[in-house]
Structures are given as structure tokens and as C-alpha cells.
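A short write-up of the structure that comes next.
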Amino acid sequence: MSKERAPPELEKAITAKKAKKEPCDSREGLIVLARLAADGNRYDHMFRYMRRLIAIVAPDGPLTMHERKIFSMSCTILLEGHREAYRYVSKAASESAGVDPQRAEAATEYLELIASEIAKHCTDVVGIIDICFLPADTGPVGSAATPEARVFYKKMKGDFIKYMAEVKDGPEKEKIAQDAFMAYSSAKEDEEQLPATNPTRLELELSLALFYFDIRCLPVAAYSVAKEVRFYFIYIWIKKLN
């Protein structure tokens with residue numbers, strides 16, 4: 001006995017449904033999902049959707065400038081909660097020292113947990129950048145095919161290595177800080193190909209100023225870099241007025 005076929009209209013609907021891509025399977029759908037996740041303050045989901053998008057697009061093709069910014073935002077905002085918690089608990093540990101030993105000990109132990117979470121996230125982000133966007137010369141160029149893209153990703157790499165240095169001490173902090181400086185230095189080599197008022201170039205200079213101030217404790221060097229950036233921001237503002 002032959003199996004009965006479904007009505008043609010139903011077969012057509014089933015075929016169309018099978019052919020239709022789910023949002024999490026398309027580039028456009030993942031951007032929509034990432035933005036929805038951000039609006040709902042679910043930054044862990046936002047980061048997950050952008051990782052999925054990168055797996056689909058890179059390294060065979062570049063992310064658009066808009067996609068790059070959303071990727072960077074997903075990484076940064078997700079980390080910011082951890083950094084804020086670290087700063088708060090670090091202050092609590094400092095204030096409790098010699099006053100409330102039990103609270104100070106608990107805060108110090110908790111700091112280690114937060115620091116490990118920060119290091120894990122930063123390592124994940126740096127790994128994505130190295131593998132997908134800044135591969136070896138013999139590999140695919142991915143999204144780092146243009147000078148602006150290279151500056152963007154190298155600056156981002158330097159930022160996330162710097163965030164790891166913020167929660168380390170001693171020789172380990174110095175080694176990680178040197179890795180961040182190397183990423184920034186490499187970005188500065190590429191920035192020469194960009195106009196002085198290019199936003200990505202200016203963001204790199206601001207990151208470098210913060211690195212000098214927060215990690216190297218060199219306020220004079222930080223001010224020197226920031227002053228030059230401020231000059232270009234004023235120049236852009238005047239041009240817009242005219």
C-alpha cells in the first residue's frame with residue numbers, strides 16, 4: 001500500500017519552511033539578534049551572536065564597519081560589568097584591611113575569581129582577533145585587508161590585553177603590558193596610512209593615552225598624546241560648523 005502524499009499546498013509550505021533560514025543562520029539575522037540582545041541588556045547573548053556571525057563571515061570575507069563596531073561593543077560592554085565589579089571589590093578589600101580581616105580576606109578571594117573571568121573573556125576576544133582578523137601573512141587576510149581595519153583590530157587587541165594587565169601585579173603585569181604596547185605600536189605603523197582626522201586613528205591615540213596613564217603610570221606621556229587628539233577633535237568640530 002503506497003503512502004499517501006500531503007496536499008500540494010502543504011508540501012509547498014513544508015519545503016519553503018525547510019529552505020527558510022533561521023535568524024541565527026544568516027548574517028542579517030544575527031545583527032538583528034545582537035542589537036535586540038543589547039537592548040535587553042543581555043550582553044552575553046549579544047557577544048554569542050557576534051561570535052556566530054564571525055564564524056559565518058570570517059576569515060573568507062570582511063566584516064562591514066557597522067559589524068565591526070557591534071562586535072567591539074559586544075566584547076566591551078560584556079566585560080565592563082566585570083571591570084566595575086573588580087574595582088568595587090578591590091576598594092572593599094583595601095578599606096577592610098586592618099579593620100575587618102574577615103571581609104578583607106573574602107574580598108581578596110573574590111577578586112581572584114573576577115580577575116580570572118576578566119582574563120578568560122579577554123583571552124577569548126584576542127584569540128578571535130588573531131585567528132580571524134590578524135592572521136599570519138601566509139593565511140587569509142579576512143577583515144584586516146585595509147589599513148583602517150588593521151588599525152581597528154590591532155587597537156582592539158591592545159585594549160583587551162590592557163584590560164588583562166589591569167588585574168595583574170608584578171612581573172606578570174609587566175609582561176602583559178608589554179604585549180599590549182606591542183599591539184598598539186603595530187597599529188601605529190598602519191595608522192600612518194590614514195588621515196590624521198580619521199576616527200579609528202583618533203580612537204587608537206586615545207587608547208594609547210589611557211594605556212600610558214593607567215598601566216605605565218606616565219601622566220606626561222598620556223597628556224601629550226591626548227592633547228594632540230583634542231586638537232584634531234576641535235579641528236573636526238570647526239570644519240562641521242563651517
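Just so it is clear, the values below take in all heavy atoms, side chains as well, and ignore hydrogens, waters and symmetry mates.
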Nearest 0.5 Å please: distance from the [atom1] atom of [X] over to the [atom2] atom of [Y].
{"X": "Phe152", "Y": "Glu203", "atom1": "CZ", "atom2": "CD", "result": "7.5 Å"}
{"X": "Phe160", "Y": "Thr123", "atom1": "CZ", "atom2": "OG1", "result": "11.5 Å"}
{"X": "Arg201", "Y": "Gln193", "atom1": "CZ", "atom2": "CD", "result": "10.5 Å"}
{"X": "Arg27", "Y": "Leu53", "atom1": "CZ", "atom2": "CG", "result": "6.5 Å"}
{"X": "Ser224", "Y": "Glu205", "atom1": "OG", "atom2": "CD", "result": "10.0 Å"}
{"X": "His82", "Y": "Ile118", "atom1": "NE2", "atom2": "CD1", "result": "7.0 Å"}

Would you say that [X] contacts [Y] through its side chain, given a criterion of any heavy-atom pair below 4.5 Å between the two side chains?
{"X": "Phe181", "Y": "Ser185", "value": "yes"}
{"X": "Glu166", "Y": "Tyr86", "value": "no"}
{"X": "Ile31", "Y": "Tyr49", "value": "no"}
{"X": "Arg68", "Y": "Phe133", "value": "no"}
{"X": "Asp44", "Y": "Arg42", "value": "yes"}
{"X": "Leu63", "Y": "Tyr153", "value": "yes"}
{"X": "His45", "Y": "Met50", "value": "no"}

Between [X] and [Y], does at least one N-O distance fall below 4.0 Å, as a salt bridge requires?
{"X": "Asp179", "Y": "Lys175", "answer": "yes"}
{"X": "Glu191", "Y": "Lys188", "answer": "yes"}
{"X": "Arg83", "Y": "Glu80", "answer": "yes"}

Query raised in the report: Is it true that atom CD of Gln178 has more than 12 heavy atoms of other residues, nucleotides or ligands lying nearer than 6.0 Å?
Result: yes
Query - Within 6.0 Å of CZ in Arg87, more than 12 heavy atoms from elsewhere - result: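 Atom CZ in Arg87 is crowded, with more than 12 foreign heavy atoms closer than 6.0 Å.
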Taking all non-hydrogen atoms of both residues, which atom of [X] and which atom of [Y] are closest, and how far apart?
{"X": "Glu67", "Y": "Pro62", "value": "OE1-O, 4.5 Å"}
{"X": "Ala196", "Y": "Leu202", "value": "O-CD2, 3.6 Å"}
{"X": "Ala104", "Y": "Ala93", "value": "CB-O, 4.1 Å"}
{"X": "Ile54", "Y": "Cys132", "value": "CG2-SG, 3.8 Å"}
{"X": "Asn198", "Y": "Thr200", "value": "OD1-N, 2.9 Å"}
{"X": "Ala222", "Y": "Ala209", "value": "CB-O, 3.2 Å"}

Query raised in the report: Hey, mind stepping through Lys120 and Asp124 against salt bridge (charged side-chain N to carboxylate O under 4.0 Å, His left out) and telling me if it holds?
Result: CA-CA 6 Å; Lys120 182 182 183 305; Asp124 285 347; 3.3 Å; yes
Decide whether [X] and [Y] are clustered together by the hydrophobic rule: side chain heavy atoms of Ile, Leu, Val, Met, Phe, Trp, Tyr closer than 4.5 Å, transitively.
{"X": "Val57", "Y": "Phe47", "result": "yes"}
{"X": "Met182", "Y": "Met156", "result": "no"}
{"X": "Leu113", "Y": "Leu78", "result": "yes"}
{"X": "Ile114", "Y": "Tyr88", "result": "yes"}
{"X": "Met73", "Y": "Leu210", "result": "no"}

Query raised in the report: Among pairs that include at least one residue of residues 154-164, which meet side-chain hydrogen bond (donor to acceptor under 3.5 Å, both in side chains), considering only residues two or more places apart or in two chains?
Result: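 Every side-chain hydrogen bond (donor to acceptor under 3.5 Å, both in side chains) pair that includes a residue of residues 154-164, provided the two are not neighbours, is Asp130-Lys157, Lys154-Ser186, Lys154-Asp190, Lys155-Asp159, Asp159-Tyr184, Asp159-Ser207.
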Query raised in the report: In a check of side-chain hydrogen bond (donor to acceptor under 3.5 Å, both in side chains) between Ser96 and each of Lys91, Arg103, Gln102, which one passes?
Result: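 Looking at Lys91, Arg103, Gln102, the match for Ser96 under the side-chain hydrogen bond (donor to acceptor under 3.5 Å, both in side chains) is Arg103.
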Requested in this report: Give me the one residue out of Ile129, Val125, Ile128, Ile70 that meets side chain to side chain contact (heavy atoms under 4.5 Å, CB included) with Cys75.
Outcome: Val125
Query raised in the report: Do side-chain atoms of Ser94 reach the backbone of Ser90 as a donor and acceptor pair under 3.5 angstrom?
Result: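 A pair under 3.5 Å: no.
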